[in-house]
Amino acid sequence: MAADGSLAMSGTAGVSAGRANSLQRFARRRSTIAFVMTLPLLVVIVGLVAYPAAFGIYLSMLNRRMTAFAGTLNFELLFESETFWMVAFQSCFFAITAVLLKASIGFWLAHMLHHIPNNRQRKWRGMLLVPWVIPPALSTLGWWWMFDPSYSSINWLLSIISVPEVPWLGHHWWARIAIIMVNVWIGAPFFMIMYLAALKSVPEQLYEAAAIDGATSWQRLRYVTLPMMANIISITVLFSLIVTFANYDIVRVLTNGGPRDLTHVFASYAFQVGILSGNIPRGAAVSLFMFPILAICAFFVLRSVTRRNKEQM
Amino acid sequence: MSRNGITRRQVLRNGAGVFAAGALGAPMVHAQGTGGTIRCGFWDHWVPVGNNAIRELCAEWGTRNRVNVQVDFITSVGNQNLLTIAAQAQSRSGHDILSFPTWEPASKAEMLEPVDDVMGRLTQKYGPVNAAAEYLGKIGGKWVAIPAVSGTQFKPACVRFDLMEQHAGIDIRAMWPAANQRGPGAENWTWDTLLAAAEKCHAAGVPFGIPMGSFSDAVDTVGCVFAAYGASVMDARGNVTVQGNAKLRQAVEYMVRLSRFLPNDVWAWDDGANNRALISGRSALIFNPPSAWAVAKRDAPQVAEKCWTVPPPSGPEGRFTPYLPYFWGIWSFSRVKPAAKALLEFMSERTSAEKMTTTSNGYDIPPFVSMNDFAVWANEGPPTGTIFNYPIKPHHNATASVAFAPAPAEYAVQAYQQGLNTKTIARISQAGETVDQALGWLERELNTIRRGG
């Protein structure tokens, strides 16, 4: 590389480079080439992330008719609303519970699969991935039929063994459980496949060494498997937390936020306030509340990943 | 070329001039005629053949006026129509004419072309529109959209007359015969009578299917009970009128009593649950347009032939029938406003309205009171005359009701979509709050809405 950072040329090209004007030298700089090559990505990020985010912030600061600047009024009104704080609690409760369950079930399933011989593993993997592959709106509709307030097939099965009817969608705690159940059913296979891949990458020698040292199966899990999978677990949990936090379709199809708004999450409440009630700025303000919560989660998770990477280096 | 005195430059210049003159002077030629193109986005009808009438009417008007009318049908399933309206309002482009559900004309009033001229001519011809349509479509003294025929519905009571007679001793067909007159005992068809009947039918295992969630059937039904008791939560100027409102307390207490005799799961019912309760034979009464009966006619004819539609009961302040209209509006950014107005005027004519209502098996309700006498409502069956009392008739002595009226539409829509009236009842009946606690919550929510504008 030349002193000015441009790429080194040889032979006649080097001679012609000497005659190149400043524009050509600028075009040949590594930084310029790097910028040009990242330009498509920058366009995508600005167009699909930065602009919508900035527009969302702008919208949230308008009045209901979107004709005048209202400052932080929409946020102030949300802070004063009991319903909003209920929605905030439910969003956190739903996301944290669902992600923990998905991670635990996915981890357990991955272990079970890992111990099945490779030739028989494929069909189990395929079957267990089915809930994740079906479009969520469609599978949720199937669940809704099973939870239907009047004609629940689950209740019909329960009645065979003399278990009283469960108000799956009519009572708020049952409705919350139903929503979490469906989310876990859909999302657990994702964790399973990620953890299975991570398990396969753990060197077998580590387990052999642990066995020689007389480690129990719990100690192998605690001191070999988990440390080796820590980064994958962190990243998967973060990714799932973001997706689960922004979930909309399950709540919309199963309960529409009812009963008494006790199952609304940020996304479904934002839709109700913004689109259905014709208050787009307030809806934008609701949806923006997801950002700081997720940003804090992302900060801590990514920091722990970076620390672990440094320790391992 | 210069030898002939004509330069190449002159030839090019003159050629360009001739081309420009020809292009400017050319007639505007369109696919069908010279009147241009109108793009319409109408509501996609529940009734499978319901769109046919609109398609035919648009084609007929387009041919007659040599205008190309493009018709799209936009479903309300998944709120696709609301999303379309929001997107077109934001981008200021899209259709010229769009179907606007109940509250949207008020919400988009500033972006809609006033249609006072069209409404003036129509009301001159057919008399007044019902007051609820005027409340929703006339904003700031101007008609911003035309009350539509297609999609507009009432939600009177659809009663299983056999179960009602067997368990509650009420002969509902005798009370409200398929004729323009009341029968014996019609004056006793009050909300108190309904409460007594609800208790008996509940005990008999066929409870009334009145939803109490936050979907429109629930909000509309509770809204008409509140109206019958004179209980409004916000006045026309936007003042919250919850505190010390004896009529509101009376209406709330009535609904709490009634909810004890409804199925346990009504708090989770959507707009289809009451239909299913009727069609499956598990309910003796629901509040719904004739769509539930129409589905029963197809899927459970033995149920359909025992259904009879009657006006809702009356309360201390009168009888109120839940009303959920659609509107046809013209965007202010449309470039074919005169033609769009002419098309909508044609579609609102009596003959056009009757065609739409007949095609939809009586589902569609015209906005003009004088049109509530179409033959379809008398002829549909079985049993013949089952939906005779579906539209409001003079002998019903009823008023079309919109939940949360007379509050300003911009506040009412928020209270309506959040189902504040049904949630107030649920807080008492389901969550065990006192009436005062629930009304306190209602007042706080309404104040928040009011402050936000």
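Keep in mind that what you see is a predicted model, and the values were worked out from it rather than measured. We use all heavy atoms of the structure for the numbers below, so side chains are in, but hydrogens, waters and symmetry mates are not.
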| task | Considering non-hydrogen atoms only, spot the tightest contact between A/Leu276 and B/Leu82 and give its length. | result |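 Of all heavy-atom pairs spanning A/Leu276 and B/Leu82, the closest is CD2-CD1, 3.3 Å.
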Just wondering, are more than 12 heavy atoms of other shown residues or ligands nearer than 6.0 Å to [atom1] in [X]?
| X | atom1 | value |
| --- | --- | --- |
| B/Glu433 | CD | yes |
| A/Phe89 | CZ | yes |
| A/Phe239 | CZ | no |

Specify which of [options] makes the most heavy-atom pairs with chain A at under 4.5 Å.
| options | answer |
| --- | --- |
| B/Arg282, B/Glu104, B/Met212 | B/Arg282 |
| B/Ala415, B/Ala426, B/Ala86 | B/Ala426 |
| B/Ala431, B/Ala106, B/Ala273, B/Ala277 | B/Ala431 |

| field | Test item: B/Glu445 side-chain N/O and A/Ser81 main-chain N/O as donor-acceptor pair under 3.5 Å | value | no
| message | With side-chain contact (heavy atoms from CB on, under 4.5 Å) as the criterion, how do B/Gln417 and A/Asn279 come out once you've worked through the C-alpha distance, each side chain's angles and the decisive distance to 0.1 Å? | response | CA-CA 11 Å; B/Gln417 292 295 351; A/Asn279 197 339; over 6 Å; no
| field | Summary of salt bridge (Lys or Arg N to Asp or Glu O under 4.0 Å) pairs that have at least one residue in residues 146-155 of chain A, sequence neighbours excluded | value |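 For residues 146-155 of chain A: A/Asp148-B/Arg276.
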| Residues in residues 263-271 of chain B that sit under 4.5 Å from chain A, counting heavy atoms only | B/Asp265, B/Trp267, B/Ala268, B/Trp269, B/Asp270
Below 4.5 Å, heavy atoms only, C-beta onward: do [X] and [Y] meet side chain to side chain?
| X | Y | value |
| --- | --- | --- |
| A/Arg260 | B/Thr422 | no |
| B/Gln430 | A/His172 | no |
| B/Lys423 | A/Thr83 | no |
| B/Ser280 | A/Tyr151 | yes |
| B/Arg444 | A/Glu80 | no |

| Proximal component of A/Leu169, with respect to chain B [non-hydrogen, under 4.5 Å] | both
| With only heavy atoms counted, which part of A/Trp174 is less than 4.5 Å from chain B, the side chain, the backbone, both or neither? | neither
Sort out for me which of [options] touches chain B most, counting heavy-atom pairs under 4.5 Å.
| options | value |
| --- | --- |
| A/Asp261, A/Ile275, A/Asn63, A/Thr255 | A/Asp261 |
| A/Asn256, A/Val273, A/Leu73 | A/Asn256 |
| A/Pro259, A/Gly170, A/Ser277, A/Gly278 | A/Ser277 |

| request: Select one option (side chain, backbone, both, neither) describing which atoms of B/Glu110 are under 4.5 Å from chain A's heavy atoms. | output: side chain
| request: Using non-hydrogen atoms and a 4.5 Å limit, figure out which bit of B/Phe215 sits close to chain A: side chain, backbone, both or neither. | output: side chain
| query | Taking only residues two or more places apart in sequence, or in another chain, which ones meet B/Ser214 in a side-chain hydrogen bond (donor to acceptor under 3.5 Å, both in side chains)? | reply |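 B/Ser214: no side-chain hydrogen bond (donor to acceptor under 3.5 Å, both in side chains) contacts found.
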| query | Can you name the residues that form a side chain to side chain contact (heavy atoms under 4.5 Å, CB included) with B/Glu113, not counting sequence neighbours? | reply | B/Ile330, B/Lys337, B/Lys341
